[in-house]
Amino acid sequence: MATLTEARRIVVKIGSALLVDAATGKLRADWLAGLAQDVAWLKAGGADVVLVSSGSIALGRGVLGLPRGGLALEQSQAAAAVGQIRLARAYEEALAPLGITAAQVLVTLEDSADRRRYLNTRATMETLLGLGIVPIVNENDTVATDEIRFGDNDRLAAQVAVTVGADLAVLLSDVDGFYSANPQTDPSAQRYAVIDEITPALEAQAGEGVSGISKGGMKTKVMAAKTATAAGCALIIAAGAQHRPLAALDDGAPHTLFKARLTPASARKHWIAAMKPRGAVRIDAGAARALARGTSLLPAGVTEVDGAFGRGDPVDILGPDGARLGAGLVRYTAEEARALIGKRSDQIEAVLGYPGRAALVHRDDMVL
Ligand SMILES: Nc1ncnc2c1ncn2[C@@H]1O[C@H](COP(=O)(O)OP(=O)(O)O)[C@@H](O)[C@H]1O
Ligand SMILES: N[C@@H](CCC(=O)OP(=O)(O)O)C(=O)O
């Protein structure tokens, strides 16, 4: 299990109520400065950090002078457009003094449902993290219609955690964990410290939020925990309102930990193995030996390509005798793969007319 200081890649979700003062509609800049220190501390310990931050609507509605209470979809989208620019700037200004570069990433539900967009998002996030940058993710509220919305950043955070293969997600909230009932309305509610398995009975204990500027309450947090833990990512719900909430968590502040059910790598392999193949590549004996040693599949070892697949699609990997060795996500279209049969890596650019990638199927995307 990954605790805060052991985790290698951490997604932290920040709710609107933490970042924006409900009474004034203003950003809580001192709190954000503390959070930036927490991020710098985690990065100094060697972790990659992704922030999923709500607050665009809460910030924007203050600027636009919109009344309290529910907003029409167009109003919240307009508020998000105004608020998001301020939100991104606030993170940039909080992180820059600590030598950390922030990047803004706005996504919709479709970006995780469509495999190519999903793989693209993943590649971009990987590049950003490789450069030491902290991506600040939010839903692209201005373009997302109701049907294609997450609508709450709890589930978005879990999706981001799965996408980047995080081993820990932390949902910072106005409550310090998951209780047997809503503690704001039921004083006898008890906080769970550790949850190994999310049962229907447990799920039924999660209620809506009551704070007014937040979305989803505990229901979406438990749904997020289900998504994350099934993909090998532990999830913590903790209170975020205090100064430096992550340092406080490390000092033993109360929280609820949902344990991961698999490692991120094994969860990914389960996912790949379960996909329906869109084609097949046959490989030679040398390539089969190389794959068994754990290397990626290069075009040089391919002898035949079947099917009409696109980039990122699952394909079967067949041995020289046609026996199925495994499956993987292919990095080229069927047409490109055919053109690359038997080619060395230094010939790829000449064949395709652009540099391309060395591996046809990367070992992280392969299950044997
Ligand atoms: N079983 C529960 N345990 C804890 N909090 C709960 C529970 N059921 C409902 N809640 C409510 O969920 C709220 C947290 O969610 P929410 O208001 O959406 O905050 P955030 O902005 O962090 O997403 C709590 O303040 C509480 O009112
Ligand atoms: N994307 C929306 C966030 C919606 C949301 O989940 O809010 P919250 O419950 O405060 O985390 C925004 O930036 O306002």
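Order of listing sets the numbers, starting from 1, for every ligand and every atom in it. We use all heavy atoms of the structure for the numbers below, so side chains are in, but hydrogens, waters and symmetry mates are not.
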Student: Asp154 versus ligand 2: do any nitrogen or oxygen atoms come within less than 3.5 Å of each other?
Tutor: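 Among all N and O atoms of Asp154, none is under 3.5 Å from an N or O of ligand 2.
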Student: What do you reckon, does Gly177 put a non-hydrogen atom under 4.0 Å from ligand 1?
Tutor: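 Yes.
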Student: Decide, yes or no, whether a salt bridge links Arg28 with Asp21 under the criterion of side-chain N to carboxylate O below 4.0 Å.
Tutor: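 Looking at Asp21 together with Arg28, the answer is no, because their closest N to O distance does not fall below 4.0 Å.
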Student: What's the shortest heavy-atom distance between Asp141 and Gln77, and which atoms?
Tutor: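 In terms of heavy atoms, the two residues are closest at O-NE2, 2.9 Å.
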Student: Ser53 to ligand 2: N or O pair under 3.5 Å?
Tutor: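 No: no nitrogen or oxygen of Ser53 is under 3.5 Å from one in ligand 2.
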Student: Mind checking whether Ala206 has an N or O less than 3.5 Å away from an N or O of ligand 1?
Tutor: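 No, there is no polar N/O contact under 3.5 Å.
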Student: Check each of Ser54, Gly15, Ala58 against atom 7 (O) of ligand 2 and report the one with the nearest heavy atom.
Tutor: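 Considering heavy atoms of Ser54, Gly15, Ala58, the nearest to atom 7 (O) of ligand 2 sits in Ser54.
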Student: Among Thr101, Leu32, Ile136, exactly one meets side-chain contact (heavy atoms from CB on, under 4.5 Å) together with Leu95. Which residue is that?
Tutor: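 Between Leu95 and the candidates, side-chain contact (heavy atoms from CB on, under 4.5 Å) is satisfied uniquely by Ile136.
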Student: Residue-level breakdown please: for Lys219 versus ligand 1, do any non-hydrogen atoms fall below 4.0 Å on the side chain, on the backbone, on both, or on neither?
Tutor: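 Near ligand 1, Lys219 shows nothing, with every heavy atom at 4.0 Å or more.
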Student: Search all heavy atoms of Arg191 against all heavy atoms of Gly177 and return the closest pair with its distance.
Tutor: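 Shortest heavy-atom separation between Arg191 and Gly177 comes out as CD-CA, 4.1 Å.
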Student: Kindly give the heavy-atom pair with the smallest separation between Ala7 and Leu168, and that separation in Å.
Tutor: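 So the two residues come closest at CB-CB, 3.8 Å.
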Student: Just one of Val52, Val11, Val164 clears the side-chain contact (heavy atoms from CB on, under 4.5 Å) bar with Val137, so which one?
Tutor: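 Testing each of Val52, Val11, Val164 against Val137, the sole residue satisfying side-chain contact (heavy atoms from CB on, under 4.5 Å) is Val52.
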Student: Taking Arg8 for its side chain and Ala47 for its backbone only, find out whether a donor-acceptor pair lies under 3.5 Å.
Tutor: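 Pair absent, no side-chain N/O of Arg8 close to backbone of Ala47.
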Student: If you measure from the Lys or Arg side-chain nitrogens to the Asp or Glu carboxylate oxygens, is any gap between Arg331 and Asp365 under 4.0 Å?
Tutor: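 A salt bridge is present here (some side-chain N lies under 4.0 Å from a carboxylate O).
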Student: With heavy-atom distances below 4.0 Å as the criterion, list the atoms of ligand 1 near Lys221.
Tutor: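 The atoms of ligand 1 under 4.0 Å from a heavy atom of Lys221 are 15 (O), 16 (P), 18 (O), 19 (O), 20 (P), 22 (O), 23 (O).
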Student: Over all heavy atoms of both residues, which pair between Leu129 and Pro135 is shortest? Give the atoms and the distance, please.
Tutor: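 Between these two residues, the closest heavy atoms are CD2-CD, 3.7 Å.
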Student: So does Glu126 pair up with Arg9, basic N to acidic O under 4.0 Å?
Tutor: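 Here Glu126 pairs with Arg9 in a salt bridge, since their nearest N and O are under 4.0 Å apart.
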Student: For ligand 2, find out whether one of its N or O atoms is nearer than 3.5 Å to an N or O atom of Asn153.
Tutor: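 There is such a contact, yes.
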Student: Please tell me if the side chains of Val162 and Cys233 come closer than 4.5 Å, counting only heavy atoms from C-beta onward.
Tutor: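 They are not in contact (no side-chain heavy atoms under 4.5 Å apart), so the answer is no.
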Student: Do any heavy atoms of Arg191 fall under 4.0 Å from ligand 1?
Tutor: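 No, Arg191 has no heavy atoms under 4.0 Å from ligand 1.
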Student: Please confirm whether Gln84 comes under 4.0 Å of ligand 2, counting heavy atoms of the residue only.
Tutor: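 Contact absent.
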Student: What atoms of ligand 1 come within less than 4.0 Å of a heavy atom belonging to Gln205?
Tutor: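 That gives atoms 1 (N) of ligand 1.
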Student: If you count the atoms of ligand 1 from 1 in the order shown, which ones are under 4.0 Å from a heavy atom of Gly207?
Tutor: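 In order of numbering, the contacting atoms are 7 (C), 8 (N), 9 (C).
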Student: Heavy-atom contacts under 4.0 Å between Asn138 and ligand 2: side chain, backbone, both, or neither?
Tutor: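 Side chain only.
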Student: At the 4.0 Å heavy-atom cut-off, does Gly55 count as touching ligand 2?
Tutor: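 Contact check Gly55 vs ligand 2: positive.
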Student: Counting heavy atoms only, which part of Asp141 comes closer than 4.0 Å to ligand 2: side chain, backbone, both or neither?
Tutor: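 Side chain only; the backbone of Asp141 stays clear of ligand 2.
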Student: I'd like the name of whichever of Gln184, Glu203, Met218 reaches closest to atom 25 (O) of ligand 1 through any heavy atom.
Tutor: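 Ranked by closest heavy atom to atom 25 (O) of ligand 1, first place is Gln184.
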Student: From atom 22 (O) of ligand 1, work out which of Ala181, Ala204, Ser173 has a heavy atom at the shortest distance.
Tutor: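 When every heavy atom of Ala181, Ala204, Ser173 is considered, Ser173 comes closest to atom 22 (O) of ligand 1.
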Student: Would you mind listing which atoms of ligand 1 come within a distance below 4.0 Å of any non-hydrogen atom of Gly15?
Tutor: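 It comes down to these atoms of ligand 1: 21 (O).
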